[in-house]
Amino acid sequence: MQESLGERVKCQRQRISSEFEKLQLLLNEKKEHFLQGLAEEERETLKKLNENVTKLSQQSSSLQQLITEMEEKCQQPAAELLQDAKGTLARSEQVRLQGPELSAAELKDTYRVPGMMEVLREFTLDMTLDPDMANPWLILSEDRKRVRRGDTRQDLPDKPERFDKYPIVLGAEGFRGGRRYWEVEVGDKTEWELGVCRESVRRKGWATYTPGIGYWAMWLRKGVYQALTSSWTPLLMSVRPRRVRIFLDYEAGEVLFYHVTDRSRLFTFTGTFSRTLCPYFSAGDENTAPLIICSVPAQAAGNLCP
């Protein structure tokens, strides 16, 4: 028992260390990005400030010239002064004072450093579902953020991209790089599948959905949670997840699943990606409750665990 506890603590330490290393790498990348942007903005700002100094210097010189001229004319007899008044006024109109192109407020905004949540929120995927890929048993909401299994099969065109055997639909946007994450409310559904797949996967006929054919997913089926590895890996849950977060790091070759409520990691797929990937959803056969793509609130972004 003591040895088992020690192993669990060791694994937990390794997991925490690994996740903080990933977060540190992510923040280091963003730091370099922002520092490079800051250096470029500094160059542009200094250029504008120098232009402002030049313009103000020219305006000052023109004003001084006009003041000297007007002082001299004030010494003339009244008749001559009136004759030259029109020309003097015309020249004064040409010397219009112009405000600086860069104000103090703009300078403040230029050098604003984004907060942690803003950095992490950058990877949030605002996703919708693609109705052309949806199995005919599936019903999508008008905003294409919800999907559920209907009571009858719909009479839909049998397009090449439509899944015909399983209740599957994909996200409308595919990607070939970068980091993305999204959250799905599964609620009390008794069956569901979530993950990513290659855009080029076969849509017709039966298949076993594993990484070998381009699927990186987990499911709840018959009360059992499993990662769909080549031999299916059971996942033990101390608390039933009602909301699942999927994080894709394309270049690192990772797809990670998280329990949103307790922020625990459920499973990590590792591999190498070379083709377009799409978010993957299956509403299951038993339950007509919907899968819901969540709008991630600002505070949730701060809980991201890449």
Side-chain angles (χ1 to χ4, degrees), residues 14-15 18-33 36 119-135 144 147 159-184 192-219 226-233 235 244-258 265-282 291 293 296 304-306:
Q14 290 175 342
R15 183 184 69 81
S18 173
E19 293 189 3
F20 270 93
E21 286 175 3
K22 287 180 180 295
L23 183 58
Q24 185 63 52
L25 178 62
L26 169 63
L27 294 178
N28 283 339
E29 290 177 4
K30 298 307 296 181
K31 180 184 76 171
E32 291 302 317
H33 170 76
Q36 290 175 8
V119 172
L120 297 177
R121 202 179 305 131
E122 176 184 336
F123 305 116
T124 307
L125 181 62
D126 184 17
M127 185 205 318
T128 57
L129 302 170
D130 190 333
D132 290 334
M133 300 184 190
N135 178 279
R144 295 188 290 162
V147 57
K159 298 181 178 182
E161 63 268 31
R162 191 181 302 283
F163 290 87
D164 66 344
K165 296 297 183 185
Y166 292 107
I168 293 173
V169 63
L170 303 185
E173 179 186 358
F175 25 83
R176 297 198 60 163
R179 299 180 177 96
R180 298 288 188 277
Y181 89 95
W182 57 98
E183 293 182 1
V184 183
W192 50 263
E193 289 178 46
L194 299 172
V196 301
C197 70
R198 293 194 195 107
E199 188 180 46
S200 59
V201 293
R202 194 174 123 199
R203 312 299 173 92
K204 310 301 181 183
W206 306 101
T208 302
Y209 295 140
T210 63
I213 63 169
Y215 290 84
W216 296 264
M218 65 167 289
W219 71 11
Q226 292 177 310
L228 302 186
T229 56
S230 57
S231 56
W232 294 357
T233 303
L235 303 176
V244 177
R245 175 180 297 149
I246 299 96
F247 185 92
L248 168 69
D249 189 333
Y250 191 100
E251 281 73 22
E254 291 183 336
V255 182
L256 303 96
F257 295 84
Y258 290 91
R265 185 170 62 182
L266 303 175
F267 192 77
T268 300
F269 285 94
T270 59
T272 302
F273 304 133
S274 59
R275 304 180 192 176
T276 301
L277 300 180
C278 294
Y280 163 77
F281 304 82
S282 176
L291 290 172
I293 300 171
V296 182
L304 176 61
C305 303

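As the structure is a computational prediction, the values presented were derived from the model and not from experiment. When a residue number appears, it is its place in the shown sequence, counting from 1.
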Under a 4.5 Å cut-off applied to non-hydrogen side-chain atoms, are [X] and [Y] in contact?
X	Y	value
Phe267	Thr233	yes
Val255	Leu248	yes
Lys204	Arg162	yes
Leu277	Arg180	no
Asp130	Leu170	no
Tyr181	Thr124	yes
Trp182	Leu194	no

So, for [X] and [Y], which heavy atoms are closest and what is the spacing to 0.1 Å?
X	Y	value
Glu183	Arg245	OE2-NH2, 2.5 Å
Ala207	Ile213	CB-CD1, 4.0 Å
Pro211	Ser230	CD-N, 4.4 Å
Asp132	Lys159	OD1-NZ, 2.9 Å
Arg265	Thr268	CD-OG1, 3.2 Å
Tyr250	Thr276	OH-N, 4.5 Å

(message) Using the ring centroid of each side chain, check whether Trp192 and Phe281 are separated by less than 6.0 Å.
(response) no

(message) Check for me whether the distance between the ring centres of Trp216 and Phe273 falls short of 6.0 Å.
(response) yes

(message) So does Pro160 get a backbone contact from the side chain of Arg203, meaning a donor-acceptor N/O pair under 3.5 Å?
(response) no

[atom1]/[X] to [atom2]/[Y] distance, rounded to the nearest 0.5 angstrom?
X	Y	atom1	atom2	result
Arg144	Met127	CZ	CE	12.0 Å
Lys165	Arg202	NZ	CZ	10.5 Å
Arg198	Cys278	CZ	SG	12.0 Å
Asn135	Asp164	CG	CG	7.5 Å
Leu228	Thr208	CG	OG1	9.5 Å
Met218	Ile246	CE	CD1	9.0 Å

(request) Test Val244 against Tyr258 for side-chain contact (heavy atoms from CB on, under 4.5 Å), laying out the working first. (result) CA-CA 6 Å; Val244 177; Tyr258 290 91; over 6 Å; no

(request) Please determine which of Trp232, Tyr280, Phe257 meets the ring-ring contact (aromatic ring centres under 6.0 Å, His included) test together with Trp219. (result) Trp232

